[in-house]
Amino acid sequence: MAKHETPLLDQLESGPWPSFVSDLKAEAEARAKNEKGIDYQIPADCVEDLLGVLELSYKHGRTHWKHGGIVGVFGYGGGVIGRYCDSPDKFPGVEAFHTVRVAQPGGKYYKTEYLKQLMDIWELRGSGITNMHGSTGDIIFIGTTTKQLEEIFYEMTHNMNQDLGGSGSNLRTPADCLGESRCEYACYDTQDLCYNLTMEYQDELHRPAFPYKFKFKFDGCPNCCVASIARSDMSFIGTWKDKIQVDQAEVKLYVDGQTPPNGGAHKDGNWGPFDIEKEVVNICPSGCMGYKGGKLLIDDKECVRCMHCINVMPKALHIGKKRGLSILVGAKAPILDGAQMGSLLVPFIEANKDNDYEEIKDVIEKVWDYWMEEGNNRERLGELIKRKGFQRLLEKCEIEADPRHVQFPRENPYIFWKEDEVAGGWNRDINEYRKHHKR
Amino acid sequence: MAFISSGYNPDKPMEDRITDIGPRKYDEFFPPVIANNKGKWKYHEILRPGVLVHVAESGDKVFTVRVGGARLMSASLIREICEIADKHCDGYLRFTTRNNIEFMVDNESKLPALEKDLSSRKFAGGSYKFPIGGTGAGITNIVHTQGWIHCHTPATDASGTVKATMDVLFDDFQKMRLPAQLRVSMACCLNMCGAVHCSDIAILGYHRKPPLLDHEYLDKMCEVPLAIAACPTAAIKPTKVELPNGTKVNSVAVNNERCMYCGNCYTMCPSMPLSDTEGDGIVLMAGGKVSNRISAPKFSKVVVAFFPNEMPRWPQMTGAIQRMVEAYAKGANKYERLGDWAERIGWERFFEVCELGFSHHLIDDFRDPAYYTWRQTTQFKF
């Protein structure tokens, strides 16, 4: 018998899509039965109360969670977010119900043995409710008490070799696409770069020293499956410099209708037979393709690497061989000064495992030095770049301006020349001037 | 309940402390077929909705079955996922960026049993536990935020709006009939933990009332200068207030005309809550994308200024989403994303074919970029 009536939430149990309400109810029931005989370290009925407090929000149209409190584990400034219910008299099981962020493995691959071990800890010491995964990428544990935080951290670090993720004005847990592990489009090893930088910058991840949050995301190609270009302060997007690799025999199989276009992504649509002119050549954004005499022609120098032709004919076309990545900076959601997309800072850089990604780290550290020196409190990198101008960033990163940095050149001539750029400088003698120009 | 110690000694927190060890390394969890062929994949094909094959240079193949799931997930459900992976996939699985679960096998012959098992599992309330789909030119899972289940700033619920939306879009989760992929995202307040600002369709929780002021406690609970500095429109100033009992306290005053309801002050000061039954609700945005394919990535545009929160299934919101999806399915060219289609036909036509109203709320008036969104040409459609 449920502890709280949930008539509104009950209506979210029907319909085909997996119902979180059904799942929560099943979990509440499992905790009540406790067939495994777990000595629950937080109230056994916390999931009942979680359903109860959510039902109340559905009734009121308002949240019933208070502002976070400062809780965490010793020595870390992030990884735990305090959360308290504003109606603890009605829902004592969730009075203190903190979030724990657990750093996820790259590509979000798991062995079941690991997940079960994680759940053993979380069922004993928390609510058993998770997010798989949070928006930034972490495994999220929803709901435990203050006293359990150190215990969870101790068990994770000692028994599972597993650390917490980031929160607050830290480097947030970096996230990647699955990259080379299962994708033919990956232009660099996203998982390795993500892991390498995560380990290199553990201090920045756990101890807040930044003006605000900072996110790294790693996309293996310009398809941007982890949306790095829209939501990371520094976005690493795979690309290549040479020619798209073409297998003309396979192109022909697409043209002849033997291979379904776009990896079969359009199988349920009535799109008629594949038309390479219409579907590839004519919608290439740089117009660098042709199809003549049964051959696909690409003027690679004019290619902007949008991925369309490769996406349409993955069996016939392959990314180039001279691979690396582009670095874009400053993306963020609208708070405060409007949303920003990442802006191109480094058009091409190699992802060199052999020297421990030295060149990439050099760029990162220059960007951080600048942001920490000149960024205001709670100012994202993108906002600083906007406030100070893109030139300032280039200067601080010691990167030469390049037409690739702009969509188009400025439309006003209000150039802020630097004194050393103008012969003779600013200091002039008015008397000398007046010798030739009477008052 | 008896307290069970992990071994941690609160009197000596540094004793045996392990820190800064990061996540587990990615390659610890690779299934053998992935480990053996990393960096050597040749091509892939979607065999049917939700089922993919990736083929390696070696000739090895990995078959993936993708299933949707609520990202809010219980330990019991995770154990059930593990049981399935143990039974069919040698104990390996992965999650996608968009909260799907992927079960991988190294031989096509293992697919039918896996697919049958996944499709047969249902929750007590009747919904699928593991619906197969979310690939290609269809609608995949919705990335979303926390909402009323566990956050202090939401203007709506996340899990509920997502469940309601995915129920109406479910056919397109299991089909690939659309012109291109259509990404739906949900964020329950302007902070946008879910970064929905570049999605084909975005559901956004939004507050419409300036913060309440808890004068009696404000100066005790908050750093007043931080609350003032947090305001992007400089609408907050310090003030002294006389409480009904005659005591004078330091507090803040809000210029309501200038407030953009972003909640940034509330993030800094718990005595300035915003949530309100009538004030809060849903904004719909459309036409954004993150891919560089064909056209550049772009921001989503606000296409519905406000729908009230209609618990538990938000029918006006899901209705408008359905109309957008259907109009797009009918009107767009193959490979054309929703935003590219809207730009090609013109936004004036977009509102017409999606049967959405237009009002002054949808004209940008926020700072400089607003000017660039007004129509500065005589080219438009009647």
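The basis for the numbers below is simple: all heavy atoms, side chains too, and nothing from hydrogens, waters or symmetry mates. Nothing here was measured: the structure is a model prediction, and the numbers come from that model. Chain naming here is simple, since letters A, B, ... match the order of the sequence lines and numbering starts at 1 in each.
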Does [X] have its ring centroid less than 6.0 Å away from the ring centroid of [Y]?
X	Y	value
B:Tyr43	A:His318	no
A:His158	B:Tyr8	no
A:Trp17	B:Tyr128	no

What I'd like to find out is whether the side chain of [X] reaches to under 4.5 Å of the side chain of [Y], using heavy atoms alone.
X	Y	value
A:Lys111	B:Asp90	no
A:Glu180	B:Asn37	no
B:Arg94	A:Tyr110	no
B:Leu72	A:Ile142	yes
A:Phe20	B:Ser127	no
B:Pro23	A:Met199	yes
B:Ile4	A:Asp39	yes
B:Arg313	A:Ser14	yes

Portion of [X] that has a non-hydrogen atom of chain A nearer than 4.5 angstrom:
X	answer
B:Val62	side chain
B:Arg71	both
B:His44	both
B:Thr156	neither
B:Lys175	both
B:Leu93	both
B:Asp27	neither
B:Cys262	both
B:Pro49	side chain
B:Arg367	side chain
B:Tyr266	both
B:Phe366	side chain
B:Ile101	neither
B:Glu83	neither

Heavy-atom pair with the smallest gap, counting every atom of [X] and [Y]:
X	Y	value
A:Lys267	B:Leu47	NZ-O, 3.1 Å
B:Asp167	A:Gly15	OD1-C, 3.5 Å
A:Ala227	B:Val290	CB-CG1, 3.7 Å
B:Pro312	A:Leu8	CB-O, 3.4 Å

For atom CD of B:Glu28, is the number of surrounding heavy atoms from other residues, nucleotides or ligands below 6.0 Å larger than 12?
yes
Under the criterion side chain to side chain contact (heavy atoms under 4.5 Å, CB included), I'd like the reasoning laid out for A:Thr63 against B:Cys151: C-alpha separation, chi angles, the key distance, then a yes or no.
CA-CA 7 Å; A:Thr63 188; B:Cys151 184; 5.7 Å; no
What part of [X] gets closer than 4.5 Å to chain B, counting heavy atoms only: side chain, backbone, both or neither?
X	value
A:Val21	neither
A:Asp192	both
A:Asn159	neither
A:Arg125	side chain
A:Lys315	both
A:Val94	neither
A:His266	both
A:Glu123	side chain
A:Tyr40	backbone

Any donor-acceptor N or O pair under 3.5 Å, side chains [X], [Y]:
X	Y	answer
B:Tyr26	A:Asp176	no
A:Arg378	B:Asn264	yes
A:Asn131	B:Gln146	yes
A:His206	B:Thr19	no

Which one, [options], leads in non-hydrogen pairs under 4.5 Å with chain A?
options	result
B:Lys289, B:Lys122, B:Met104	B:Met104
B:Lys298, B:Met14, B:Lys40, B:Lys163	B:Lys163
B:Leu178, B:Leu169, B:Asn333	B:Leu178

Of all residues at least two apart in sequence or in a different chain, which pass the side-chain hydrogen bond (donor to acceptor under 3.5 Å, both in side chains) check with A:Arg31?
none
Using ring pair (Phe, Tyr, Trp, His ring centres under 6.0 Å), reason through B:Tyr92 and A:Tyr109 one step at a time and then give a plain yes or no.
CA-CA 7 Å; B:Tyr92 295 92; A:Tyr109 284 89; 8.9 Å; no
Please assess A:Phe153 against B:Arg17 for the test side chain to side chain contact (heavy atoms under 4.5 Å, CB included), listing each intermediate value before the final yes or no.
CA-CA 10 Å; A:Phe153 182 64; B:Arg17 196 163 190 85; 3.5 Å; yes
Can you check salt bridge (charged side-chain N to carboxylate O under 4.0 Å, His left out) on B:Asp86 and A:Lys116, steps first, answer last?
CA-CA 11 Å; B:Asp86 284 338; A:Lys116 287 180 216 167; 2.6 Å; yes
Test side chain to side chain contact (heavy atoms under 4.5 Å, CB included) on A:Phe97 and B:His150 and set out the steps.
CA-CA 9 Å; A:Phe97 211 59; B:His150 206 223; 3.6 Å; yes
One pair to check against side chain to side chain contact (heavy atoms under 4.5 Å, CB included): A:Glu151 and B:Ser5. What are the steps and the verdict?
CA-CA 7 Å; A:Glu151 308 298 326; B:Ser5 171; 4.1 Å; yes
Looking at B:Ser76, B:Ser159, B:Ser74, which hits side-chain hydrogen bond (donor to acceptor under 3.5 Å, both in side chains) with A:Asp23?
B:Ser74
Can you classify the ring geometry of A:Tyr58 versus B:Trp148 as parallel (below 30°), tilted (30 to 60°) or perpendicular (above 60°)?
perpendicular
